[in-house]
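Before anything else, here's the structure in question.
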Amino acid sequence: YAEPRDWGYAGLLAFTAVLMTRPQDTLPFLEPLHLAEICAIIGLGPMVLHRFASRQPVFRVTPETTGLMAFGLAILLSVPFSIWPGGSFSLFTDTYLKLLVVFVLMMNTLTTPKRLDQITFLIVLCCGFIAGRSVFDYARGINLVEGNRLAGPVGGIFGNPNDLAMNMVTFLPAAAVFALSTRFSASRRLLAAGAATLMLATVVFTKSRGGFLGLAVVLLTFIVLGRKVRPGFGTIAIVAVLAAAPFMPATFWERMASIVDDKKDKQEFTGTREARWTVMKEGIKTFAERPLTGIGAGEFQNYNPPGRKEAWKETHNAPIQVAAETGIFGLSAFLFLIVCAGRGARVTRRLLEPPRRGRPDLLKAVMPDGDRGALSSMTVAMTAGFLGWFVCSLFASVAYNWTFYYLLALIAASREMTLARLRAARALTADYGKALSHPADRRTRGVVVGAA
């Protein structure tokens, strides 16, 4: 499984770096250049040409690809029934279509464990860079909202405190795996440890209650699955969090206490806890009124019928957001993608585990132990990141954000490369059995046995 040299993968890496760091927000003169679009074209064009030249389909069809197309169709079908058709169509063309294209690019270029490691480490470095800028801003007292909550230093997926915390929670497990796994070099582990520390500090400084709950789920997942990365991994994660707890500001714990204390939230904070429950109920009511078409993708914030209490606000819940805006068809497709992510991570973990006694270990013939260990570690990180994202998504309107779809592509690519190697191993075994069934042809038998 040699890595092909192609511009598609290089374009994907460049697009990921631009998407995550958003240099145009810091250097406004880059805005007209549309760097992200250029990087996507650099990646997509060569990939399509390569697949045409090798007489392959334009892209691989997986359950995730089918679900994304179905979700995109539901978004497009909501346009004629939208309260603002232009806004819904713009969301499809400016956001979702690009998201679908990059997902296809990821599925066709992430073909080896090494590439999966590289792009995941790039995401960790980018998140660490954003976290470093965020912590520096907090120390200077800038980019603060609602008094003392940290907002992102750039826009896009890091713009507000809750989205900033959600992204840090989602990719913090990958940073922790790079930092604590003995399979990686000392320099990579040191960089990852620094990024993980800054990401954890950023979650604390955002004072995001959804981010805190997501972080708790990530820690619990590491306790259960951490041993697959290295012995005692879960214990190390617990000790690290307990050691960091005394350094967390008192205002953080006071805000977290308001999760279960509505009176405290009203008295000391903005009363957003009650407002969120109200807007979620309004989202469910909107879905009940328009169950087939919704009110148009991206338009719940602009939907203000008579009697609405929390006007001009999002649903603060991704499934409710999709249900209210795209109806039952969009909700079904979105939930299907969430199930695909959870199931895909679970399937990959099981495929990479050593078989029970008496069963052959087919992967040994086609996957080095180092690749297998690295892929298994990344799958644990993706599982924890997915669960953390899902919890955060129950408190944020992030159905069309890039975070989930990047994570989905990483999970699906891991599963597909593992299945591809298992198919190769089974083919090798079949050739071996065929050679043994023709003992007269000793030359062929010797070659196949030697290969096996």
Side-chain angles (χ1 to χ4, degrees), residues 123 127 131 149-150 152 157-177 196 199-226 234 237-238 241 244-245 248 252-253 255-261 265 272-273 275-277 279-281 283-284 314-323 331 334-346 349 379-408 410-411:
I123 292 173
C127 288
R149 294 187 64 197
L150 178 64
I157 61 176
F158 298 104
N160 66 63
N162 293 322
D163 289 358
L164 178 62
M166 180 197 68
N167 281 280
M168 296 301 156
V169 166
T170 302
F171 296 112
L172 179 60
V177 165
M199 292 163 74
L200 180 60
T202 299
V203 175
V204 173
F205 295 151
T206 62
K207 299 179 176 64
S208 169
R209 289 170 289 198
F212 172 74
L213 294 175
L215 188 63
V217 170
V218 165
L219 180 61
L220 182 61
T221 305
F222 270 153
I223 294 173
V224 176
L225 300 178
I238 294 173
V241 172
M248 296 179 182
F252 172 78
W253 294 115
R255 186 172 174 85
M256 295 310 107
S258 68
I259 294 175
V260 294
D261 190 344
D265 184 48
T272 54
R273 181 178 181 271
R276 286 193 178 195
W277 283 117
V279 79
M280 285 181 190
K281 288 186 284 187
I284 295 172
E314 296 280 8
T315 59
H316 290 285
N317 180 288
I320 296 177
Q321 175 191 13
V322 172
L331 177 63
F334 185 65
L335 293 179
F336 173 77
L337 291 173
I338 291 176
V339 171
C340 281
R343 187 174 183 275
R346 180 171 173 268
R349 290 199 314 273
T379 304
V380 170
M382 292 170 204
T383 302
F386 164 70
L387 293 174
W389 171 86
F390 180 72
V391 171
C392 291
S393 75
L394 299 179
F395 305 95
S397 300
V398 292
Y400 315 114
N401 286 19
W402 285 88
T403 310
F404 169 62
Y405 303 97
Y406 251 77
L407 191 64
L408 179 65
L410 294 174
I411 291 172

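Numbers here are sequence positions counted from 1. The analysis underlying the following values was restricted to heavy atoms, covering all of them including side chains, and did not include hydrogens, waters or symmetry mates.
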Self-check item: By side chain to side chain donor-acceptor pair (under 3.5 Å) - contacts of Thr403 (at least two apart)
Solution: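 Only Asn167 meet the side chain to side chain donor-acceptor pair (under 3.5 Å) criterion with Thr403.
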
Quiz item: What distance do Phe334 atom CZ and Gln321 atom CD have between them, rounded to the nearest 0.5 Å?
Solution: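 The distance works out to 7.5 Å.
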
Exercise. Kindly compute the distance separating OG1 (Thr315) from CZ (Phe395), expressed to the nearest 0.5 Å.
Key: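 CZ of Phe395 is found 12.5 Å from OG1 of Thr315.
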
Quiz item: Between Leu200 and Leu215, is any pair of side-chain heavy atoms under 4.5 Å apart?
Solution: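 Yes, close enough: below the 4.5 Å cut-off.
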
Quiz item: Mind checking whether Ile123 and Leu410 have side chains closer than 4.5 Å, heavy atoms only?
Solution: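 When only atoms from C-beta onward are counted, Leu410 and Ile123 do touch, with a gap below 4.5 Å.
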
Quiz item: What is the minimum heavy-atom distance between Ala165 and Gly211, and which atoms define it?
Solution: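 Scanning both residues completely, I find the closest heavy atoms to be CB-CA, 4.2 Å.
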
Quiz item: With a 4.5 Å heavy-atom cut-off, do Phe404 and Phe386 have their side chains touching?
Solution: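 Answer yes - side chains close enough.
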
Quiz prompt | Atom of Gly214, atom of Cys392 and distance for their closest heavy-atom approach | solution =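 Looks like CA-SG, 4.1 Å.
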
Exercise. Kindly write out the residues that satisfy salt bridge (Lys or Arg N to Asp or Glu O under 4.0 Å) with Arg149, not counting sequence neighbours, or none if the list is empty.
Key: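 Scan of Arg149 (salt bridge (Lys or Arg N to Asp or Glu O under 4.0 Å), adjacent residues dropped) gives Glu146.
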
Exercise. Look up atom CD1 in Ile338 and atom CZ in Phe390, then write down how far apart they are to the nearest 0.5 Å.
Key: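 That separation rounds to 5.5 Å.
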
Quiz item: Looking at residues at least two apart in the chain, or sitting in another chain, which of them share a ring-ring contact (aromatic ring centres under 6.0 Å, His included) with Phe222?
Solution: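 Checked Phe222 against ring-ring contact (aromatic ring centres under 6.0 Å, His included); matches are Phe233.
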
Practice problem: Scan Ile411, Val177, Leu408, Leu387 and name whichever one has a side-chain contact (heavy atoms from CB on, under 4.5 Å) with Met382. | Solution: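 Answer to the side-chain contact (heavy atoms from CB on, under 4.5 Å) test with Met382 among Ile411, Val177, Leu408, Leu387: Ile411.
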
Quiz item: Shortest non-hydrogen contact from Met199 to Cys127?
Solution: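 The answer is CE-CB, 3.9 Å.
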
Practice problem: Could you grab the distance from atom OG1 of Thr206 to atom CG of Leu150, nearest 0.5 Å is fine? | Solution: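 Answer for the OG1-CG pair, Thr206 versus Leu150, is 7.0 Å.
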
Quiz prompt | From Met256 atom CE to Met248 atom CE, the distance as rounded to the nearest 0.5 Å | solution =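 Here the interatomic distance stands at 10.0 Å.
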
Quiz item: Between Asn317 and Ser397, what is the shortest heavy-atom contact and its length?
Solution: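 Scanning both residues, the minimum pair turns out to be N-OG, 4.0 Å.
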
Quiz prompt | CG-CH2 distance between Asn401 and Trp389, expressed to the nearest 0.5 angstrom | solution =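 So the gap between those two atoms works out to 9.5 Å.
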
Quiz item: Minimum heavy-atom separation for Pro173 to Ala381, with atom names?
Solution: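 Closest pair (atom of Pro173, atom of Ala381, distance): CB-O, 3.4 Å.
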
Exercise. Looking only at non-hydrogen atoms, find the nearest pair between Leu172 and Ala196 and report the distance.
Key: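 Nearest heavy atoms, Leu172 then Ala196: CD1-O, 3.5 Å.
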
